[in-house]
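Report on the structure given below.
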Amino acid sequence: MYGWMGRILRINLTDEKIKWETLPEDLARNYIGGNGLGARILWDELKPGIDPLSPENILVFATGPLNGTLWPTSGRLHVMAKGPLSNAWGEGNSGGHFAPYLKFAGYDAIIFEGAAKKPVYLYIDDGIVELRDAKHLWGKDVWETHEILKKEIREDIRTAAIGQAGENLVRMAAIMIDKYAAVARSGLGAVMGSKKLKAIAVYGTKQINLYNKYRFYEFTYQAQRRLSSHQFSKEVKQYGTEILVDLMNEIARYPTRNFQSGYFEQYEKLSAHLLKEKYRVRDESCYACPLHCKKYNAVKEGKYKGDGGLGLEYETLNAYGGRVGNSDPEAVIYANALSNKYGLDTDDVGGVIGFMMEIYEKGIIDKEFTGGLELKWGDSDLLIKLINMITFREGIGDLMAEGTHRAALKIGGEALYYDMTVKGVDIPAQDGRAQKSMGLSHVTSNRGADHLTSGEFLSEVGWPDAIVERFEKRAKEIYGRSILPEGADRLSPKFKPLMVYDSEHLAALADSMVVCKFSTHWPPVFFFEDLAKAVTYATGYKYSEADMRVIGERIFLLERAFNIREGLSSKDDRLPERFLKEPAQTPPNKGHVVELDEMLSEYYRLRGYNSEGIPSYDRLVKVGLEDVAKYLYDM
Amino acid sequence: MRVTKIYGTDPKCVGCQICMITCSEVNFGEVDLTKSRVRISHKENPMDGFHITVCTNCGICALYCPTDAISIVNKNVHIDESLCNKCGVCIEVCPIDAIWWSPGLNAPNKCVACKACVDTCPTGALNAVEVDLKIDLGKRVTLRGV
């Protein structure tokens with residue numbers, strides 16, 4: 001096999017059995033890897049209706065054929081299981097250097113089944129695979145765990161570990177790659193914690209065989225240059241995602257105080273320019289990526305003095321910033337480092353803190369309920385305290401650790417209005433009222449509210465050239481007219497279903513290869529054709545642009561079918577009432593709500609979903625999911 | 001005598017390993033980071049970032065090679081595999097630890113100044129210049145024929 005290593009590692013934690021399996025060729029060919037591989041494995045093997053935190057859940061770490069090569073941004077890892085937050089399809093994606101080393105060790109994927117009786121960690125080094133006792137690691141945070149494993153095994157070991165949050169089954173727990181990169185969303189850290197799997201340490205030196213080495217590297221060097229010299233790469237290199245704080249406030253798309261507003265009056269204190277000037281230490285890059293978007297921050301003095309670590313992203317600058325009304329950048333840096341140590345998804349944690357602050361403000365809960373805490377907007381000390389309480393499930397933190405949606409259901413009544421989640425997952429820092437395609441994306445995404453399942457960022461900047469390049473042909477085919485000017489207008493619902501629908505296929509494909517959306521979606525450098533070429537040269541299977549679209553659709557529909565099997569339907573494709581009824585307050589979006597019904601019905605039509613949100617039989621057969629179609633339609 | 005000096009600028013390095021991937025691919029036709037002739041390692045304090053280790057062609061190893069296997073070829077300090085007796089003296093004397101053993105190779109692994117890493121480094125942390133060789137090859141400590 002070329003491109004793939006051809007081997008899957010299956011580990012049953014209950015009886016500590018380790019099995020080597022061959023990667024089936026048709027599986028690799030039809031699903032490529034990453035989320036495709038995981039979706040198929042979970043569909044085939046997971047019993048419907050199980051508790052995500054029970055030993056019956058299956059946790060899959062998967063790579064793709066491009067990981068470990070020179071292909072730009074090929075350092076990413078995809079992790080999947082039934083998600084503890086959504087009780088449905090759960091997935092997370094992370095950068096770093098773990099995935100290439102997993103392939104160097106000789107494996108495309110690791111499947112974890114069952115649950116260990118006592119804490120263990122998995123050690124992989126080329127041919128060696130061992131489950132080792134993790135008694136000395138349990139209770140330690142992610143950074144300590146990483147350092148201990150480095151000392152214990154070797155200096156250049158790569159690790160994936162959970163912190164105390166995962167151990168305490170906090171439903172917002174992340175799996176941390178090395179020290180700073182997070183498989184954040186869906187709460188997969190809790191799944192790892194429920195399996196008593198503290199960490200995976202991997203090292204390897206095997207080679208990846210490529211089908212046409214000469215063509216592949218010729219194309220890849222070109223790709224490196226194209227990505228590195230793209231006109232929008234400069235900004236990414238300089239500021240990473242921090243710059244979005246400034247840009248999003250300009251267009252009032254920066255969720256503030258639990259989505260009460262899209263504009264944070266004190267955003268300048270969190271501005272990328274200021275962060276760079278005062279706190280920036282250096283840049284770092286993931287494996288084989290020329291963009292080095294991860295920025296290392298440190299606070300030099302004051303009460304939050306200390307090592308802030310890598311990767312303060314826009315999402316965190318919102319979740320611990322505007323979303324909870326906090327304008328102290330040092331507190332954000334500190335809270336981000338703390339979340340990295342505990343292994344928490346900052347999006348969900350910021351979401352639940354913002355939610356509690358708002359219902360406290362509205363008088364739905366009082367001091368008695370919070371255990372004497374006054375939940376005031378913008379209190380940075382309180383923010384740190386709540387992160388600690390959530391991680392260790394102390395006091396009110398125990399309720400908050402269950403996630404916003406479960407907390408809202410428990411409190412009930414008026415609190416439900418302020419529950420800013422879709423399918424139980426907190427809406428990330430992307431206000432749908434200020435960009436209509438984002439409003440739709442949160443709903444159509446399979447893992448719950450998410451901006452990266454579609455990654456439709458082109459209408460946000462309204463860049464006509466790229467929009468025409470990517471969607472014009474499809475718009476002409478389907479609607480018989482040009483996608484401009486409405487396609488480039490973020491506030492118009494017109495054409496957005498098509499743009500989301502098409503972007504979802506590209507995103508599914510990127511996640512199956514597994515490459516970063518910082519090369520496929522923003523900056524929009526690689527498209528279906530480029531990915532088809534790269535994977536053809538790497539694997540030897542001939543893929544065309546059309547094949548790539550079909551594979552993207554196949555993976556997306558399989559994930560959707562997984563959700564349908566878990567009991568989700570069109571009634572779960574709903575946004576919080578606030579997005580539908582409460583118009584945005586700040587210009588230029590003043591008066592805008594998300595026109596969800598209009599967009600969603602058009603989206604259903606494009607996707608071939610029926611009124612219950614189930615993909616049509618014909619469509620499933622068309623993309624090669626006949627067995628899934630038969631299951632869904634009881635045949 | 002002129003030699004090509006490849007040198008790394010540590011603060012510019014972002015740790016993407018593109019140089020290592022390129023090096024092993026160009027020189028050995030495979031991605032095997034253990035065979036790379038340039039190395040990126042973490043400094044002790046994570047805040048300090050990365051350290052680039054690559055041969056600067058200073059030529060000191062050539063002075064001490066007991067079999068005269070190291071000489072200047074095409075402006076590069078070159079190890080002749082057929083003369084090398086694998087004693088490892090060059091590895092010991094290298095002042096910047098830029099020569100090492102890599103699995104599967106017949107001689108110590110050392111930069112050949114192909115400059116592929118310089119071409120692909122996305123941040124300009126690796127550079128190449130031509131400099132005069134500062135050592136006198138006439139003063140070699142040779143054991144050949146003894």
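All values below come from the heavy atoms of this structure, side chains included, with hydrogens, waters and symmetry mates left out. Lettering follows sequence order; numbering is per chain, from 1.
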Within this structure, what is the [atom1]-[atom2] distance for the pair [X] and [Y], rounded to the nearest 0.5 Å?
{"X": "B/T123", "Y": "A/L291", "atom1": "OG1", "atom2": "CG", "value": "12.0 Å"}
{"X": "A/Q224", "Y": "B/T22", "atom1": "CD", "atom2": "OG1", "value": "7.5 Å"}
{"X": "A/Q207", "Y": "B/S24", "atom1": "CD", "atom2": "OG", "value": "8.5 Å"}
{"X": "A/D156", "Y": "B/I40", "atom1": "CG", "atom2": "CD1", "value": "12.5 Å"}
{"X": "B/E25", "Y": "A/K213", "atom1": "CD", "atom2": "NZ", "value": "7.0 Å"}
{"X": "A/C289", "Y": "B/Q17", "atom1": "SG", "atom2": "CD", "value": "12.5 Å"}

Atom [atom1] of [X]: over 12 foreign heavy atoms under 6.0 Å:
{"X": "A/K234", "atom1": "NZ", "value": "no"}
{"X": "B/E130", "atom1": "CD", "value": "yes"}
{"X": "A/K517", "atom1": "NZ", "value": "yes"}
{"X": "A/R215", "atom1": "CZ", "value": "no"}
{"X": "B/M47", "atom1": "CE", "value": "yes"}
{"X": "A/K305", "atom1": "NZ", "value": "no"}
{"X": "B/K75", "atom1": "NZ", "value": "no"}
{"X": "B/D132", "atom1": "CG", "value": "yes"}

Quick check: do [X] and [Y] have side-chain heavy atoms less than 4.5 Å from each other?
{"X": "B/V26", "Y": "A/Y217", "result": "no"}
{"X": "B/I21", "Y": "A/W71", "result": "no"}
{"X": "A/T205", "Y": "B/T34", "result": "yes"}

Is chain B contacted by the side chain of [X], its backbone, both, or neither, given a heavy-atom distance below 4.5 Å?
{"X": "A/Y221", "value": "side chain"}
{"X": "A/K294", "value": "neither"}
{"X": "A/Y287", "value": "both"}
{"X": "A/Y203", "value": "side chain"}
{"X": "A/S228", "value": "side chain"}
{"X": "A/E284", "value": "both"}

**Prompt:** If you count heavy-atom pairs under 4.5 Å with chain A, which of B/S41, B/P11, B/G29, B/C121 comes out on top?
**Reply:**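 Most heavy-atom pairs under 4.5 Å with chain A: B/G29.
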**Request:** Count the heavy-atom pairs under 4.5 Å between each of B/P46, B/G15, B/P103 and chain A, then report the option with the highest count.
**Result:**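 Going by pairs under 4.5 Å, I would pick B/P46.
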**Request:** Select, from A/V281, A/T69, A/T220, A/L70, the one with the greatest count of heavy-atom pairs under 4.5 Å involving chain B.
**Result:**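 Maximum pair count with chain B is reached by A/L70.
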Chain A contact via [X] - which portion, at a heavy-atom distance below 4.5 Å:
{"X": "B/C13", "value": "backbone"}
{"X": "B/D119", "value": "both"}
{"X": "B/K35", "value": "side chain"}

**Message:** Donor-acceptor pair, distance only, cut-off 3.5 Å: does the side chain of A/R225 make one with the backbone of B/T120?
**Reply:** no
Only distances under 3.5 Å count here; give the side-chain donor-acceptor pairs of residues 295-302 of chain A to other protein atoms, sequence neighbours excluded, each with its distance to 0.1 Å.
| from | atom 1 | to | atom 2 | distance (Å) |
| --- | --- | --- | --- | --- |
| A/K295 | NZ | A/K237 | O | 2.4 |
| A/K295 | NZ | A/D283 | OD2 | 3.1 |
| A/K295 | NZ | A/H292 | O | 3.0 |
| A/Y296 | OH | A/Y180 | OH | 3.3 |
| A/Y296 | OH | A/D307 | OD1 | 2.7 |
| A/Y296 | OH | A/D307 | OD2 | 2.8 |
| A/N297 | ND2 | A/E242 | OE2 | 3.4 |
| A/K300 | NZ | A/K278 | O | 3.0 |

